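Below is one structure, written out as structure tokens, with a few remarks after it.
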Amino acid sequence: MTMITKLAAATEANITEAGEIIRAGGLVAFPTETVYGLGADAMNEEAVRNIFAAKGRPADNPLIVHVCDREMVDRVCFVSETAKKLMDTFWPGPLTLLLPKKECVPEVTTAGLPTVGVRMPDHPAALALIRESGAPIAAPSANLSGRPSPTTAQHVYEDMNGRVEMILDGGDCRVGVESTVLDVSKDVPVVFRPGAVTPEMVAAVAGNCTVADSVMRPLKEGEAAPSPGMKHRHYAPKGTMTVYLGSAEKVREAILKEYPLRENTCILSHEDHLKYYAGMNVRPAGKDAMESAHLLFSLLRQMDEEGFDRILAEGWELKGEALAVMNRMARAAAFDLRECE
Ligand code: TXA
Ligand code: MG
């Protein structure tokens, strides 16, 4: 199905119109602090089915339900003590909590799972849209399945023109990678997908927190994914990508050795290392892990546009807030991580 897509600034009038579209069962892409979402009324089975169709997303991958207040949370799921503490601390913000769902949430939304992922986004346009719609909004990232998540309205337009009624433009997304997905069903919370809310931050509130070990490695043949999203191929640029880890000097040595081997190569460099790659195809990829997260998806799209078939990326030490960007880089590189000694 193709339709005319309206690309519009996230003004009050346009948000009102977007709310009407959602209430009528249509699709609206909207900005959040993490990435753009592709939204529909989470309680409307038909509308949610259309999200999967528009993205080309496998039906076994559940959607996150976005809420604007605590009353809406209670409409869709049962909230534990730990979950409540985490909401009080991190909402609105980039934290998705997996909680037992209530009857009224359609099976399509949760891909048949007994839990629902809920989050309150930290973006005024997103919150206003949910409020206008009067319903929780189910929204995956607004990219075609297999493309990097969109961090600008232009990215969304590239992927979704003709597939959604409206795209609300709220500018650049502040965080740039998707929310932390946290399982809070057991005594100790488990991070299924790392994001800007780190395991350390969760532990400071919940007393403890672990990270699913499939976060930094590919699933083994036949291994069950803790979160369905992990088993699907993700964020893949057309070029073959390698991520280098270790001391700055050793990483540089390895990249300089690899660079001449293929003609159409580009380096993603820490900003303060640019000088070492003078005269080569190189792009600044941030001065720290947070900025790197902000830039990564945009850079990956750019690599495709410029037609690079080899991408050599300087990684970040695997700890704290770097876990989120390294998880995405590892996936983009099909887990080709080189430890440089
Ligand atoms: O920041 C974000 O989370 C963005 C913005 C739009 O809010 N949304 C987003 O949605 O990244 P999506 O659909 O691209 O990723 C949701 C991830 C998937 O990996 C999915 O498998 C997992 O969350 N997930 C959702 N509900 C789940 C559930 N009930 N149990 C386990 N994993 C779940
Ligand atoms: Mg996604």
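Since the model is a prediction, treat every value here as computed from it, not as a measurement. Just so you know, ligand 1 is whichever comes first in the structure, and atom 1 is the first atom listed for that ligand.
Of the listed options P150, A142, S141, P114, S141 places a heavy atom closest to atom 9 (C) of ligand 1. Nearest to atom 25 (C) of ligand 1 by heavy atom, out of P62, G117, P100, is P62.
Counting heavy atoms from C-beta outward, M72 and R70 have side chains that stay 4.5 Å or more apart. Contact of the M43 side chain with the C104 side chain is registered, since non-hydrogen atoms from C-beta on lie closer than 4.5 Å. With contacts defined as side-chain heavy-atom distances shorter than 4.5 Å, the pair I15/L168 qualifies.
In terms of polar-atom proximity, S179 is counted as a contact of ligand 1, with an N or O under 3.5 Å from an N or O of the ligand. At least one N or O atom of H66, backbone or side chain, sits closer than 3.5 Å to an N or O atom of ligand 1. An N or O contact shorter than 3.5 Å links T34 to ligand 1 by distance. In terms of polar-atom proximity, defined here as any N/O pair under 3.5 Å, N61 does make such a contact with ligand 1. Considering backbone and side-chain atoms together, E178 places no N or O closer than 3.5 Å to any N or O of ligand 1.
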Audit row: E158, R147, salt bridge (charged side-chain N to carboxylate O under 4.0 Å, His left out) steps and yes/no: CA-CA 11 Å; E158 286 164 17; R147 294 263 291 157; 3.7 Å; yes

Stepwise side chain to side chain contact (heavy atoms under 4.5 Å, CB included) check, L99 with T115: CA-CA 5 Å; L99 293 165; T115 53; over 6 Å; no

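Listed by chain and residue number, nothing satisfies the salt bridge (Lys or Arg N to Asp or Glu O under 4.0 Å) test with E271 (two or more places apart in sequence, or in another chain).
Heavy-atom proximity to I64, at under 4.0 Å, picks out these atoms of ligand 1: 3 (O), 8 (N), 9 (C), 10 (O), 16 (C). Interface of G37 with ligand 1, defined as ligand atoms under 4.0 Å from a residue heavy atom, comprises 6 (C). The distance from ligand 1 to the heavy atoms of V181 drops below 4.0 Å at these ligand atoms: 23 (O).
Taking CE of M166 as the reference point, atom CZ of F30 lies at 13.0 Å (rounded to 0.5 Å).
Between the Mg ion (ligand 2) and S149 there is no N/O/S contact shorter than 2.8 Å.
Between T210 and V188, the shortest heavy-atom contact is CG2-CG1, 3.9 Å.
Under 4.0 angstrom from ligand 1, there are no non-hydrogen atoms of K55. With a 4.0 Å cut-off on non-hydrogen atoms, L113 touches ligand 1 through its side chain and not its backbone.
Ligand 1 has no atom lying under 4.0 Å from any heavy atom of T110.
For residues 82-120, no pair satisfies ring-ring contact (aromatic ring centres under 6.0 Å, His included), with sequence neighbours left out.
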